[in-house]
Amino acid sequence: MEQDGVTSGRINGGGALRKLGARIAAAFDAFVRPMLQRPNLLQTGALCHRREGDRTQVLMISSRGTGRWIIPKGWLMRGKNAGEAALVEAWEEAGVRAVLASDRPIGSYVYDKITKRGLPVSVETLVFSVEVQALEDDFPETGQRQRRWVDPDEAAGMVAEPGLKQILLDLDTRLRH
């Protein structure tokens with residue numbers, strides 16, 4: 001006689017224990033793990049773009065630490081909303097004189113930032129559309145970064161973050177909305 005995976009006082013092949021273990025694991029992942037995790041830190045980023053004929057081009061900059069290609073980004077600033085902070089980052093890191101094309105982000109992505117102690121911390125970056133009017137040669141981080149204008153598809157191939165890659169691939173659609 002079998003009842004709930006138990007036959008004659010024995011557990012039927014461990015099936016009941018496996019089901020119980022799976023239920024406990026699912027409950028842990030659904031309820032306990034989120035309470036133990038820190039929320040993502042928040043940054044703001046500037047996806048700087050211009051029209052070159054009938055094409056959109058984006059401005060990529062190199063990071064100071066590793067030299068990998070990124071968009072200007074940084075922490076939120078007291079007294080500024082996220083879009084205004086994105087404009088400040090575009091100026092400081094790339095010499096961009098621009099207008100904010102939207103007061104709402106065109107997307108966001110999450111990446112792991114390595115702290116000074118070498119530990120990763122999850123950061124969400126709100127990405128704002130920034131229409132470039134001019135590039136200055138003298139700006140706060142002159143000489144610390146490289147700048148390069150590229151098509152969005154090429155930019156997507158230059159970045160490491162999958163979420164940013166997708167924003168770049170969908171850029172023309174996002175700019176229309």
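The basis for the numbers below is simple: all heavy atoms, side chains too, and nothing from hydrogens, waters or symmetry mates.
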(message) Taking the side chain as everything from C-beta on, heavy atoms only, tell me whether Phe128 gets closer than 4.5 Å to Asp103.
(response) no
(message) To check you understand the geometry: which heavy-atom pair defines the closest contact between Asn81 and Gly83, and what is its length?
(response) OD1-N, 3.0 Å
(request) Supply the atom-to-atom distance Arg176 CZ to Leu171 CG, rounded to the nearest 0.5 angstrom. (result) 9.5 Å
(message) Between Ile71 and Val127, is there a side-chain heavy-atom distance shorter than 4.5 Å?
(response) yes
(message) Please tell me whether Leu169 and Ile106 are part of a single hydrophobic cluster in this structure, the criterion being side-chain heavy atoms less than 4.5 Å apart.
(response) no
(request) Report yes if the side chains of Val110 and Val123 come closer than 4.5 Å at any heavy-atom pair, otherwise no. (result) no
(request) May I ask you to test the Leu59-Arg147 pair for a side-chain heavy-atom distance under 4.5 Å? (result) yes
(message) Grouping I, L, V, M, F, W and Y whenever their side-chain heavy atoms are under 4.5 Å apart, do Trp75 and Leu164 come out in a common cluster?
(response) yes
(message) Quick one: does any side-chain atom of Lys73 pair with a main-chain N or O of Gln43 as donor and acceptor, under 3.5 Å?
(response) no
(request) Run through Asp151, Asp153, Leu47 and flag the one making a side chain to side chain contact (heavy atoms under 4.5 Å, CB included) with Leu168. (result) Leu47
(request) Verify, without hydrogens or angle tests, whether Thr44 (side chain) and Ala82 (backbone) share a donor-acceptor contact under 3.5 angstrom. (result) yes
(message) Measuring from atom CZ of Arg145 to atom CD of Glu92, what distance do you get when rounded to the nearest 0.5 angstrom?
(response) 9.5 Å
(message) Is there a path of hydrophobic side-chain contacts, each under 4.5 Å between heavy atoms of I/L/V/M/F/W/Y residues, joining Phe139 to Leu135?
(response) no
(message) Could you check whether any side-chain N or O of Lys165 sits under 3.5 Å from a backbone N or O of Ala156, counting only pairs where one atom can act as donor and the other as acceptor?
(response) yes
(request) For residues Tyr111 and Glu124, determine if any side-chain heavy atom of one lies less than 4.5 Å from a side-chain heavy atom of the other. (result) no
(message) Return the CD1 to CD distance between Ile61 and Glu93, rounded to the nearest 0.5 Å.
(response) 4.5 Å
(request) Determine whether Val130 and Val99 make a side-chain contact, defined as any pair of heavy atoms from C-beta on separated by less than 4.5 Å. (result) no
(message) Once rounded to the nearest 0.5 Å, what's the spacing between atom CD1 of Ile167 and atom OH of Tyr109?
(response) 7.5 Å
(request) Could you state whether Trp149 and Trp91 fall into the same hydrophobic cluster, counting links through intermediate Ile, Leu, Val, Met, Phe, Trp or Tyr residues with side-chain heavy atoms under 4.5 angstrom apart? (result) no
(request) Flag the pair Pro120 / Lys113 as yes when at least one side-chain heavy-atom distance between them is below 4.5 Å, and no otherwise. (result) no
(message) Run Arg68 and Ser62 through side chain to side chain donor-acceptor pair (under 3.5 Å) and show every step you take.
(response) CA-CA 5 Å; Arg68 63 190 177 84; Ser62 61; over 6 Å; no
(message) Donor-acceptor pair, distance only, cut-off 3.5 Å: does the side chain of Gln144 make one with the backbone of Glu141?
(response) no
(request) Find the distance between CD (Gln57) and SG (Cys48) and round it off to the nearest 0.5 Å. (result) 13.0 Å
(request) Mind listing the closest non-hydrogen atom pair of Ala46 and Ala90 along with its distance? (result) CB-CB, 3.9 Å
(message) Using a 3.5 Å distance criterion without hydrogens, assess whether the side chain of Arg18 forms a donor-acceptor pair with backbone atoms of Gly21.
(response) no
(message) Please report the interatomic distance CZ(Arg51) to CG(Leu175), rounded to the nearest 0.5 Å.
(response) 8.5 Å
(message) Taking the side chain as everything from C-beta on, heavy atoms only, tell me whether Glu84 gets closer than 4.5 Å to Leu76.
(response) no
(request) State plainly whether the residues Arg50 and Glu131 are in salt-bridge range, i.e. N to O under 4.0 Å. (result) no
